[in-house]
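Within every chain, numbering begins at 1; the chains are lettered A, B, ... in the order of the sequence lines, protein sequences first and strands thereafter. What's counted below: heavy atoms across the whole structure, side chains too, no hydrogens, waters or symmetry copies.
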There are 2 protein chains.
Amino acid sequence: MSTEARKERPPAIALPSDRHQYIRQRLQQEGRVLAAELAQTLGVSEDSIRRDLRELAATGICQRVYGGAIAMTPNTGSFIERSHENVARKARLAATAVRLLQPGQFVFLDAGTTNLEIARALPDMPLTVATNSIPIAAALFGRSQFEVLVIGGRMDHRVGGTLGSIPTLAVQDMRPDLCFLGTCSVDIELGVGTTLAEEAAFKRVLVGQCNQIVLAVTNEKLGTASPFAVAGMRDIGRLVIEADAEPHKLASLQHSGVPLLIADQ
Amino acid sequence: MSTEARKERPPAIALPSDRHQYIRQRLQQEGRVLAAELAQTLGVSEDSIRRDLRELAATGICQRVYGGAIAMTPNTGSFIERSHENVARKARLAATAVRLLQPGQFVFLDAGTTNLEIARALPDMPLTVATNSIPIAAALFGRSQFEVLVIGGRMDHRVGGTLGSIPTLAVQDMRPDLCFLGTCSVDIELGVGTTLAEEAAFKRVLVGQCNQIVLAVTNEKLGTASPFAVAGMRDIGRLVIEADAEPHKLASLQHSGVPLLIADQ
DNA sequence: CAACAACAGGCATGATTGTGCACCTTCACG
DNA sequence: CGTGAAGGTGCACAATCATGCCTGTTGTTG
């Protein structure tokens, strides 16, 4: 196997940065690494490997698990998988976010697992809801007090909704009062971003159409960046975050002037 | 079988998170898992498997049952489909109907509970699938070998799909090879009909766009009429019926010249 | 109802982890 | 050239985690 050949190559590595690069390469190739195996391959103690993995995890490159680490590439995990992660925390975020709604409003629910929880948490009041997400539309099926508009087009199996020119054109005919924007990353300097170019293009048009943008983000997305920019922080009308967000991130967000809404514990 | 090959693959699993991922994959593929079988396949005790399943159940990924666990489908939501007890019969109809498909075809799946079973029974071959039904789109979500086109518009909570001018206009740009038409009633004299005027209007346009119309109907719909006509019997390219259809209805259908396809018992 | 399988919880054990500490190398500075 | 600061590395230790076994309980089947 090619991976075997690559694993057995003499490391001849003395610099920690070389080790980091090697670990990142392995993570990208195989999706996961084992601490003990890395220690043997690289000829250092497991302590050093653990330190390396901790540092890589701190920068969001991987996620620390018992015995090693798994790659944190955002494309890892389809929508179905992601929709099972952190459900309780997302539901708490959603319960707070829906308080921003007023009866009679026209609200857009962008694709995303947090927004799926928001769809489930929508209160029983007259609302017009538009969405390009199939799971969200399915969750709203039967909630007959809502006028539901489905944005048609080609379904993207990664994001769980329609993307491309057809949905983009359809959104240009709408003027939602409120938009819950789905996102992969939020950073004060870099703003909101996603991992797919097509997704970002759609969201950019969406942001331009909506009266107010609301962003509900879990802790792990705060302070991270994604390859494709969607919006700047000044475009965000309200940022809903968890109660136990890291203090220094919370402080810098408050300092940046974004209107915050902190979810109940 | 491919599932066999996947089951027998050497686990080479050292991390507990890998085990979780494997179980989730099996759940998604097969809908259910057995604790004893997992323990043997993964080379750990059943206690550990039970702990894993408990954790996965706690996060909502699966539901714990005696002997294993079954997959939860939170993204497809709580459908009212469970109220339809004819799922098994519809699934048999569907298994026969999908044999009409050829690789590479463009197929339209109209809204309807029988067509939902057809969506689930679609074989693994390259297909372009268009639908105005949200439950069907949700069922196809994740089947990444299909190019799925969702027909957008206002969602009708009674039929579970989009209806009105927007979907009708969207369908006029399509020329599907095959269309599985949803229906409320079929009669040799009166043809195909539905109970909603808007629904019938959409289906009439759809019928005009498609190269071949396939109708899969359960016994209780045969020989009944609905207020709004959709198509005549001569528009039907193939009629899929159950094996135990009433003999006199079957005879008159055969006499009428409609190409019949009788489902397996 | 009886036999049996599956289950949850408690417990002991070994593996993994984080942290503090000592040692080493490197490098800038006097 | 000597020296001290800074960072990387390995080791020891305590805490945590994962696992298998045990026990009593619950659910299933005949």
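- Taking atom CD on Glu37(B) and atom P on dA6(C), their separation rounds to 13 Å, with Å as the unit.
- In this structure, a donor-acceptor pair under 3.5 Å is present between the side chains of Glu37(A) and Thr41(A).
- Taking atom CD of residue Gln40(A) and atom C1' of nucleotide dG10(D), one finds them 17 Å apart after rounding to whole Å.
- Here Arg99(B) pairs with Asp264(B) in a salt bridge; the nearest charged N to carboxylate O distance falls below 4.0 Å.
- When the C1' atoms of four end pairs are superposed on the next four at each end of the helix from dC1(C)-dG30(D) to dG30(C)-dC1(D), using five pairs per end, the two resulting axes differ in direction by 30°, to 10°.
- Glu46(A) places its CD atom 18 Å from the C1' atom of dG8(D), with the value rounded to the nearest Å.
- Leu34(B) has its CG atom 15 Å from the P atom of dT28(D), to the nearest Å.
- Taking 4.0 angstrom as the limit, Arg50(B) places none of its side-chain polar atoms (N or O) nearer than this to OP1 or OP2 of dA5(C).
- Between Leu109(A) and Asn132(A), the closest side-chain pair of non-hydrogen atoms is not below 4.5 Å.
- Look at Arg92(B) and Glu242(B) and you find no salt bridge, because none of the NZ, NE, NH1 or NH2 atoms lies under 4.0 Å from a carboxylate O.
- In this structure, the nucleotide among dG20(D), dT17(C), dT9(D) sitting nearest to the side chain of Ser45(B) is dG20(D).
- Using a 4.0 Å cut-off between a side-chain N of Lys or Arg and a carboxylate O of Asp or Glu, Asp52(B) and Arg24(B) do not qualify as a salt bridge.
- In this structure, Asp47(B) and Glu55(B) both approach DNA chain D, and ranking their closest nucleotides by distance from the 5' end singles out Glu55(B).
- Between the CZ atom of Arg64(A) and the C1' atom of dT16(D) there is a distance of 13 Å, given to the nearest Å.
- Distances shorter than 4.0 Å separate none of the side-chain N or O atoms of Ser48(B) from OP1 or OP2 on dA18(D).
- For Arg54(A), whose side chain is taken as the heavy atoms from C-beta onward, the closest listed nucleotide among dT28(D), dT19(C), dG14(C) is dT19(C).
- When rounded to the nearest whole Å, the span between CG of Leu15(B) and C1' of dT16(C) equals 11 Å.
- Under a 3.5 Å cut-off, the side chain of Arg204(A) and the backbone N or O of Ala229(A) do form a donor-acceptor pair.
- Taking only side-chain nitrogens and oxygens, Arg51(A) never comes nearer than 4.0 Å to OP1 or OP2 of dG18(C).
- The Tyr66(B) side chain lies nearest to dA6(C) when the options are dC17(D), dA6(C), dG10(D).
- Between the P atom of dT9(D) and the CD1 atom of Ile49(A) lies a distance of 9 Å, rounded to the nearest Å.
- The CG-C1' distance, from Leu53(A) to dT9(D), rounds to 16 Å in whole Å.
- By the salt bridge (Lys or Arg N to Asp or Glu O under 4.0 Å) test, Glu55(B) pairs with no residue at all, sequence neighbours left out.
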